[in-house]
Amino acid sequence: MDKIDSKNKKTVSSVDEDKRDFLFVTTAGLAIAGGGVTLWSMIDTMNPSKDVLALASTEVDLSPIEEGQSLTVMWRGKPIFIRHRTNEEIDDASGTDVTNLIHKATDESRVKNPKWLVVVGVCTHLGCVPLGQKIGDSKGDFNGWFCPCHGSHYDTSGRIRKGPAPLNLEVPPYEFVSDDIIRIG
Amino acid sequence: MLNKLSIKIVLLFLFLGVNNSHSASEKMELIEQNWPFNGVFGRFDKSSLQRGYLVYKEVCASCHGLKHVSYRDLTGIGLTKDEIKSIAGEYILMDGPNDEGEMFEREAKPSDKFVNPYENDNQARLANNGAYPPDLSLMVKARAGGADYLFSLLNGYKDFPEDFEASDGMYYNEYYPGKQIAMPSPIMDDIVEYNDGTDATHVQIARDVTSFLAWTAEPELEERKSLGVKTLFFLILLTIMLLGVKRKVWKDVN
Amino acid sequence: MKNNNENQEQKGVTGWIDKRLPIFTFMNHNLRDYPTPKNLNYFWNFGSLAGITLVIMIITGILLAMQYTANTDLAFESVERIMRDVNNGWLLRYIHMNGASMFFIIVFIHIFRGLYYGSYKYPREILWMLGVVILLLMMATAFMGYVLPWGQMSFWGATVITNLFSAFPIIGDYIVTFLWGGFSVDNPTLSRFFVLHYLLPFAIVGVVALHLVALHQFGSNNPTGVDVKSENDTIPFHPYYTVKDYFGLGVFLIVFAGLVFFAPNFLGHPDNYIPANPLQTPAHIVPEWYFLPFYAILRAVPDKLLGVLLMFAAVLVLFFLPWLDKHKVRSANFRPFYKQFYWLFAIDCIILGWVGAMPAEGIYVLIARIATAYYFSFFLIIMPLLSKFEKVSDHLPSSISSAVLSKKFDNSTKESYVK
């Protein structure tokens, strides 16, 4: 009798335990999942907000820019230089011997449509904003941009040609939405 | 043994490093002046500050703002309340909107900040060939070398050397980083007329306006130094007494 | 003990309170009777000094926060308003600004004290590790505090340091955007840095409390590194160490006041009096002096990610100190070899600080690399090797009292010899 009894007890309790374990694990799992979701929603408030994201990419209408003119737009707190290049400027840029450049890059690798050059207008030396956007600005020895801070000269492809800057003007990520409109970012 | 060796190695590196830094940057030694506001007991020379203010007002103020300073602060250079009121009245600033919702112009009051020569930074840039004339309120604190740098800069204009590649509209100044500066030499002999009889020489003007800008950067300087002397006196006395107490308490330990 | 408490109620209000809430017993036990080794030298002042500096920083910080505006358009101006228009505002700000530097000087000395006298060894491992946590929290707090005035160095320092996280593969850029709350250091960054700069000091207070609990578990280490053996070795904390700490505080305040009143911007950088301008980078971006050694380690490595990891490792390695140095003797006074390497290490840290302020080019890179190599080999190679091979010195005293006595004896014999 004793033996059977104890056996019975054991099986009953072990079934019970299994059930309990399952309940414990699922309850704890659910609670943790709920806590995790709540925690994430809190942490996520620190990510860029809607008004910040609204400025993360910017669309620019290129149609009012005449050939030979330039436009400066702000994107993520940085100036973006957009230049409508003349044929002469395009020939200048693509005809340059790449091997002699400080930072070697072909003109083709820096434009999507050779008529339009889009670069970040921050000198790669120490972050000044180069001149050359406005009519009457000094465009430097290579007819592109000239940084007044320490005298870096950039060519019509935004490539560094002379002066202390180590790199070409950065090309931001952008795409042509239509023939006349680009989206930067 | 090891210690001595390591010190030798360190000294060697220090020597190499110092040498290197000398050759890398050929910076000009600043002209050092014995400013009355230097040192532990330093004080401003009020009459120099007032002359310096005149120079600022008649020369610098056409391009450079002083936006952190209010007219009322001019009591600090020894002007009376009435004088300040009439000085402030010379300036016009935009206020509003009024009851009709219009912006209107009014005379500045002593409680106003110095009125800026330009409405905004872009206008300032446009008027100066793209070079922005910086605000002068903190200039002395914001440059390595402080007053000496400013004084050197004002005395550092020269003609471009033969081999220097000069840019259009730039001027040569030995003390300016890059040696090309967009501001032409702002002062010359007798560009202002001092009413206290001081000779308005180039050097005197540079000295006065530098003193004035040292004051705009650190108007608290006199108060700070005199409070500092008192505080140090108090602390040294207290510390000496504490040392006595400590010795007395510790006398019987072993 | 418990019985005593129940039976005896001291007279007066304090007795009544103490029976119900034993704070007076607690204070008496920890600040008055607390048995302390009688041979502590002045390097043991720096712990309490650090605590006092923390309090100074919190008080001045709270008062500054009442006047400061955490907005990119207004921050610089609000600081200038504090400097010019707020009553004694310049004093408040200069104390807070230079207080940060003083705090680091004190804590660095405190750490080097611990390194020299082996204060991190059994049974004080957790005490030491809590200290490293405090150091980390201090660094984070100081870094974020430096951003608040929104000058050029504030902005570009924040940009450079937060950009370090972009070195991590895949998630790097995401982390940086998250830290910024945007696509560059901007208003969201400034306001969260302000909030955290206000919050973290209170976290430091919490860890300091734990640090003290751990300290009082086994009591202070001492210059001989020998454990307290009997009551002869100790004296009560009050009045002996309270007056000694007061005197030390006086000396500290003289140095502090000298800096605040006569050279308030000596340790700062002139560029931080130029308002932040995202379109113009200063010629040299230099962190505050207390970060320079770590900055040097960062730049010593050509690979960005490895540099970042090494920089963090430079602090984190301190956590493992109790297991890297397992030599039985605590005090470097009785470890002739360790002592040599220790001083070399101290010089090494100063070299790292100096090279961190120099441009990362030419000879400086080489110096930084050698110094970085020594920094890590001191912990990871020299310490474990020494714990194996360095012999225990014959001069090691058997107890604190005997050390004190023999020193006296030495001195008196020397004196008589001179006479």
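All chains are named by letter (A, B, ...) in the order of the sequence lines, taking the proteins before the strands, and each is independently numbered beginning at 1.
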Peer 1: Take C:E77 and C:R81, measure what salt bridge (charged side-chain N to carboxylate O under 4.0 Å, His left out) needs, and give me the verdict at the end.
Peer 2: CA-CA 6 Å; C:E77 235 162 288; C:R81 199 188 133 260; over 6 Å; no

Peer 1: Do the non-hydrogen side-chain atoms of B:R43 and B:S226 ever get within less than 4.5 Å of each other?
Peer 2: yes

Peer 1: Closer than 4.0 angstrom, basic N to acidic O: yes or no for C:D85 and B:R72?
Peer 2: yes

Peer 1: Is chain B contacted by the side chain of C:N88, its backbone, both, or neither, given a heavy-atom distance below 4.5 Å?
Peer 2: side chain

Peer 1: Could you name the residues of residues 211-223 of chain B that have a heavy atom within less than 4.5 Å of a heavy atom in chain C?
Peer 2: B:T216, B:A217, B:E218, B:P219, B:E220, B:E223

Peer 1: Is the charged tip of B:K248 near the ring of B:W250: under 6.0 Å from the six-membered ring centre and within 45° of its axis?
Peer 2: no

Peer 1: Under a 4.5 Å heavy-atom cut-off, does chain B meet the side chain of C:L253, its backbone, both or neither?
Peer 2: both

Peer 1: With a 4.5 Å limit on heavy-atom distance, are the side chains of C:Y42 and C:V251 in contact?
Peer 2: no

Peer 1: Does any heavy atom of chain C fall under 4.5 Å from the side chain of B:L238, the backbone, both, or neither of them?
Peer 2: neither

Peer 1: For B:S70, is it the side chain, the backbone, both or neither that has a heavy atom under 4.5 Å from a heavy atom of chain C?
Peer 2: neither

Peer 1: Which bit of C:L91 comes within less than 4.5 Å of chain B, counting heavy atoms only: side chain, backbone, both or neither?
Peer 2: side chain

Peer 1: Among side-chain atoms of C:D245 and C:W44, is any donor-acceptor pair under 3.5 angstrom?
Peer 2: no

Peer 1: C:V355 versus chain B, heavy atoms under 4.5 Å apart: side chain, backbone, both or neither?
Peer 2: neither

Peer 1: Tell me whether the centres of the aromatic rings in C:F389 and C:F337 are closer together than 6.0 Å.
Peer 2: no

Peer 1: So do the side chains of B:C60 and B:L136 get within less than 4.5 Å of each other, counting heavy atoms only?
Peer 2: yes

